[in-house]
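Proteins get letters first, then strands, A, B, ... in listed order; numbering begins at 1 in each. Values in this document were obtained by computation on a predicted structure and should not be read as measured data.
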Amino acid sequence: MNDGEFVKEIASKDEAFSQWYIDVVKKADLADYTMVKGCMVIKPYGYALWENMQQCLDKKIKATGHKNAYFPLFIPESLLTKEAEHVEGFAPEVAWVTHGGEQKLEERLAVRPTSEAIIGSLYSKWVHSWRDLPILINQWANIVRWEKVTRPFLRTTEFLWQEGHTAHKNQQEAEEETLKILLDVYKEYIEKDLAIPVLVGKKSSNEKFAGAVHTYTLEALMGDGKILQAGTSHNLGQNFAKAFDIRFLDENQEEQYAWTTSWGTSTRLVGGIIMVHGDERGLKMPPKVAPVQVVIIPILFDKTKQEVLKKARELETTLSEKFRVELDDRDAYTPGWKFNEWEMKGVPVRLEIGPRDMANSQVVAVRRDKGNKTTIKETELISTLEKWMEDIQNNLYMSAKVKLEENIRFAGQYSEFKEIMEEKLGFVKAYWCGSPKCEDQIKKDTKATIRCLAMEENDEKGKCIYCGKESSSLVYFGRAY
RNA sequence: CGGGGUGUAGCGCAGUUUGGUUAGCGCACCUGCUUUGGGAGCAGGGGGCCGGAGGUUCAAAUCCUCUCACCCCGACCA
């Protein structure tokens, strides 16, 4: 079974990655285009994936003491403009509501591009004493950003996400929160549940969130060598507290501004799953979030049809206690057609049951990550599947991890840097003096930006990849989505 | 927002250069029969304001003007 032998409906991943991506999104039935530019429908199969992702992440968010709430979609202009850097950052992509019915509004309303402003204004009402802190709130919501160039999941005008907003009584607690989200919540979620390995680190000031003191980020390598920002966690310092007047009396009866954080991940990660795990045949779903973990395909012949179907239904019922199972008993399609379709949709394990298998009390099973057929005794089915789900999850993570590591290259010379960006992409690790000028110039030359500053301590000094000035700060560059 | 490209059936396209029968093909869809262990076969059938608006002409998918949408490449962004 060679790659690409069966599925001809999707473009070649190597030759036309972005077409391949669109084909997979459409053919795997994750999403569809609509009448409104940049606004996609997330179809049931794609939405089921998102719901599983939400569940995994929501659990972790709640386990770290956060509670969910819901804030308004509309933000009065006067509120949005309170934090100067914030407005400036988001102004070009804000959608405005100017009328209610036929009546022009006194003040126009922004459709939230993010909720710092509206939430900040409410925290200011809720926080009076150090005893009111911390406030640890998360919301699942839709967001609108008027993008010029859109792509399903990766960049859409409206998208779904989760945004956490917390307020703390001191700087240290806020910083701890920012890091806890980064490492204990997001990194765990993205690596363990989505099987996507990431580099974590701080953003350069060019790349940080508009209005933040600093931003931590998780960066993932995609199948074409470009980099996807998978999540961000911002320490907002007292910037937003000052803009929105979030004040409290501390233990020493002194008035202070609160220290706030915010953090988010979005439906963009669906795109990440596609681009990290997918292959020539389509999607590969990590078992933990796969909408369907096991698909059963009955092999039907006239004489044995009824008994095989009955057996298949029994299997469906038994397995459903442990797994997300789908029985594909559609009459109009041949088994071969179904094999290809479910492979395109990335279902981790396929079971085939036919008369031959029934006679031997077994099923034929195929792992999406391996592709070869094996037979499993019915009595061992559940235990084998349990083990397989874990194996597949690990296997997806490990192969992505190997690819990531192979694609982190150190560059000491700028010529070397440019060559890597021309020919290989991936991450380039290099010294950087800290000057935004060097960063901008590198971007102009190579389209690569600083994805993040390396987290690990570094005692050695090196030379800035661009200007040659001495520096001890190592950073990762890459071409971003 | 600049450069390029494409709009014809649900999808993918041909037809446009050189205007002229009833606009065609593949896939998908519907009906029936035979099939079903890696995208089944045959027979029959349905589906179109040729992106939209104006014009030129006896006659426009085809020529002219304007418009809209989408895609790719560059400048900005979760």
J.: At under 4.0 Å between heavy atoms, what does A:Gly354 touch on the DNA or RNA strands: base, sugar-phosphate, or nothing?
T.: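 The answer is base, as A:Gly354 lies within the cut-off (heavy atoms under 4.0 Å) of a base atom.
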J.: Checking base pairs now: Watson-Crick or wobble, both atom distances under 3.5 Å. What partners B:G44?
T.: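 Looking at the geometry, B:G44 pairs with B:C30.
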J.: Please report, rounded to the nearest Å, how far the P atom of B:A78 is from the CG atom of A:Asn142.
T.: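 The answer, rounded to whole Å, is 18 Å.
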J.: Taking only the P atom of each, what is the distance from B:A69 to B:G45 in whole angstrom?
T.: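 It comes out at 41 Å once rounded to the nearest Å.
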J.: For B:G38, give the paired nucleotide (Watson-Crick: N1-N3 plus N6-O4 or O6-N4; G-U: N1-O2 and O6-N3; both under 3.5 Å), or none.
T.: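 Answer to the pairing question: none, since B:G38 forms no Watson-Crick or G-U pair.
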J.: Can you confirm whether more than 12 heavy atoms, excluding those of A:Lys192, are under 6.0 Å from its NZ atom?
T.: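 No, NZ of A:Lys192 has 12 or fewer neighbouring heavy atoms, counting only those of other groups under 6.0 Å.
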J.: Rounding to an integer number of angstrom, what distance separates B:C42 and B:G51 when you compare their C1' atoms?
T.: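 After rounding to an integer number of Å, I get 38 Å for this pair.
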J.: Would you please determine if the base of B:A78 is stacked by A:Phe159, with stacking meaning a centroid separation under 5.5 angstrom and planes under 30 degrees?
T.: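 Yes, A:Phe159 stacks on the base of B:A78, since the ring centres sit under 5.5 Å apart and the planes are within 30°.
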J.: Just compare B:G38, B:C76, B:U35 and give me whichever is closest to any side-chain atom of A:Arg350.
T.: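 The answer is B:G38, which lies nearest to the side chain.
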J.: Which residue, A:Thr157 or A:Pro298, contacts RNA chain B at a nucleotide closer to its 5' end, judged by nearest heavy atom?
T.: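 Final value for this comparison: A:Pro298.
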J.: Would A:Tyr414 and A:Phe417 count as a close aromatic pair, with their ring centres under 6.0 Å?
T.: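 Yes - the distance between ring centres of A:Tyr414 and A:Phe417 falls below the 6.0 Å cut-off.
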J.: With both distances kept under 3.5 Å, what pairs with B:G74, Watson-Crick or G-U wobble?
T.: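 B:G74 is paired, partner B:C1.
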J.: Counting side-chain heavy atoms from CB outward, which of B:G38, B:C1, B:A78 is closest to A:Glu343?
T.: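 Nearest listed nucleotide: B:G38.
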J.: Could you pick out which residue, A:Phe153 or A:Ile22, lies toward the 5' side of RNA chain B when each is mapped onto its nearest nucleotide?
T.: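 Closer to the 5' end of RNA chain B: A:Ile22.
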J.: As a test of reading the structure: which of B:A78, B:G38, B:U36 is closest to the side chain of A:Gln229, going by heavy atoms?
T.: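 Minimum distance to the A:Gln229 side chain belongs to B:A78.
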J.: So which heavy atom on A:Leu453 is nearest to which on A:Ser204, and how close?
T.: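 Scanning both residues, the minimum pair turns out to be CD1-N, 3.7 Å.
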J.: Could you please spell out the steps behind the side chain to side chain contact (heavy atoms under 4.5 Å, CB included) verdict for A:Leu199 and A:Ile408?
T.: CA-CA 10 Å; A:Leu199 290 182; A:Ile408 302 173; 4.0 Å; yes
J.: Provide, to the nearest angstrom, the distance between the CZ atom belonging to A:Arg155 and the C1' atom belonging to B:C76.
T.: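 Nearest whole value for this atom pair: 9 Å.
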J.: Contact class for A:Pro113 (heavy atom, under 4.0 Å): base, sugar-phosphate, or nothing?
T.: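 Nothing, no nucleic acid heavy atom in range.
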J.: Give one of base, sugar-phosphate or nothing for A:Lys447, where a contact means two heavy atoms less than 4.0 Å apart.
T.: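 Since only primed, P, OP1 and OP2 atoms lie under 4.0 Å of A:Lys447, the category is sugar-phosphate.
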J.: Under 4.0 angstrom, heavy atoms only, what part of the nucleic acid is A:Ile297 near: base, sugar-phosphate, or nothing?
T.: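 Contact class for A:Ile297: none.
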J.: With both distances under 3.5 Å as the test, what is the Watson-Crick or G-U wobble partner of B:U18?
T.: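 By the stated definition (distances under 3.5 Å), nothing pairs with B:U18.
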J.: Could you pull out the closest heavy-atom pair between A:Phe244 and A:Glu116, with the gap in Å?
T.: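 Smallest interatomic distance, heavy atoms only, reads CE1-O, 4.4 Å.
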J.: Under a 3.5 Å limit for both distances, which nucleotide forms a Watson-Crick or G-U wobble pair with B:U6, could you say?
T.: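 Check on B:U6: paired to B:A69, both distances under 3.5 Å.
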J.: Paired with B:C13: which nucleotide, if any, by Watson-Crick or G-U wobble criteria at under 3.5 Å for both distances?
T.: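 B:G24 - that is the nucleotide pairing with B:C13, both distances being under 3.5 Å.
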J.: May I have the distance from A:Met40 (atom CE) to B:C70 (atom P), rounded to whole angstrom?
T.: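 For the pair A:Met40 CE and B:C70 P, the rounded distance is 16 Å.
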